[in-house]
Amino acid sequence: MLTFVEQHASAISAIVNVLMLLVWVTYLQLLLNNFLRQRRSSIIISSSFRSTAEAQCFISNMSEGRFHIQNITAKVVHDGETFLSDVTEPTAKQHEGSFQIPLAEGQSSSLGTFDDLLDRLVAGSDGLSAGQLKHAEDLDLFITIVGVHGPARRSVAAQRGFKVRFDEEGRLRPTGLDRNTRQYRWGPTRRKIVSEHRILN
């Protein structure tokens, strides 16, 4: 055995060095993944299962660490026109309070019913009335969350679209346009989304 080791010492040393290198690369990869996961924001926008006027919109912070909501916008596409409005603050007595709040890790919050969100949208939009929306066959409604994750200074965003339909009785029926919430964390797309939807009060 010793003779074999002596005869192949250089080869064994090379193999050990390669194995050590692989161990270190794996270890550094785990550290990097953990670091990126801690800095990666993840906001989920969803709706309750009831496809009625009482269906509520929810947001959940699935990031590691707290997420502070700076503002929330709603955008609707109607008859080829796009209407964008800040819905962060209440516009009527029946609405909940401000949405400009911090969310703890794993915490969820309700944005109220989709009817309430449309009310806030109409209140902040010029040239759009609730009557116009009620008579529309269907609408594309996009909810965008802009905020800061953890100790980071730059704003990030999350967005999800819903198809909003009104039945013959005027009841609102929202369904998701896509199953997933789009996350905007880096790059020029993030800057564009944040710039378009960060409405400073």
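The model shown is predicted, which means the values in this text are computed figures rather than measured ones. In what follows, every heavy atom counts, from backbone to side chain, and hydrogens, waters and symmetry copies are set aside. Heads up: numbering here begins at 1 and tracks the sequence.
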Testing the 3.5 Å rule here: is there a donor-acceptor pair between the side chains of D86 and T88? yes

Are any side-chain N or O atoms of R185 and backbone N or O atoms of S41, one a donor and one an acceptor, separated by less than 3.5 Å? yes

Taking all atoms of both residues into account, what is the closest heavy-atom pair of Q56 and S110, and its distance? OE1-OG, 2.6 Å

So salt bridge (Lys or Arg N to Asp or Glu O under 4.0 Å) across residues 68-77, not counting sequence neighbours, yields none

What are the two closest heavy atoms between L121 and F83, and how far apart are they? CD1-O, 4.0 Å

Can you check side-chain contact (heavy atoms from CB on, under 4.5 Å) on S47 and C57, steps first, answer last? CA-CA 4 Å; S47 64; C57 184; 5.6 Å; no

Supply the atom-to-atom distance H197 NE2 to N71 CG, rounded to the nearest 0.5 angstrom. 10.0 Å

Hydrophobic cluster identity match, V146 and I45, side-chain contacts under 4.5 Å: no

If you count every heavy atom of other residues, nucleotides or ligands that lies below 6.0 Å from K192 atom NZ, does the total exceed 12? no

Just by distance, do the side chain of Q100 and the backbone of Q70 share a donor-acceptor pair under 3.5 Å? yes

Return the CD1 to CD1 distance between I101 and I72, rounded to the nearest 0.5 Å. 8.0 Å

Are the side chain of R120 and the backbone of T73 linked by a donor-acceptor contact shorter than 3.5 Å? no

Measuring from atom CD of Q159 to atom CD of Q183, what distance do you get when rounded to the nearest 0.5 angstrom? 10.5 Å

L103 side, atom CG; M62 side, atom CE - distance, nearest 0.5 Å: 11.5 Å

Transitively linked via ILVMFWY side-chain contacts under 4.5 Å: F58 with I43? no

Identify whether F162 and L139 are in the same connected component of the hydrophobic contact network (ILVMFWY, side-chain heavy atoms under 4.5 Å). yes

Evaluation steps, side-chain contact (heavy atoms from CB on, under 4.5 Å), between I59 and I69: CA-CA 10 Å; I59 53 174; I69 300 172; 3.4 Å; yes

State, to 0.1 Å, how close P174 and A55 come at their nearest heavy-atom pair, and which atoms those are. CG-CB, 3.8 Å

Would you say I193 ends up clustered with F67 if hydrophobic residues are merged whenever their side chains have heavy atoms under 4.5 Å apart, either directly or through other cluster members? no

Could you grab the distance from atom CG of D116 to atom OG1 of T113, nearest 0.5 Å is fine? 3.0 Å

Side-chain heavy atoms nearer than 4.5 Å, only ILVMFWY residues, links allowed to pass through others: does that put L111 and V122 together? yes

Quick check: closest heavy atoms across P102 and Q107, and the distance to 0.1 Å? O-OE1, 4.1 Å

Can you tell me if CZ on R182 sees more than 12 non-hydrogen neighbours from other groups inside 6.0 Å? no

Assess whether side-chain contact (heavy atoms from CB on, under 4.5 Å) is satisfied between R190 and V156, documenting all intermediate values. CA-CA 7 Å; R190 177 201 66 85; V156 294; 4.3 Å; yes

Rounded distance [0.5 Å steps], CZ in R179 versus OG in S46: 11.5 Å

side-chain contact (heavy atoms from CB on, under 4.5 Å) between R160 and I143, intermediate numbers included: CA-CA 6 Å; R160 189 180 180 195; I143 305 297; 5.8 Å; no

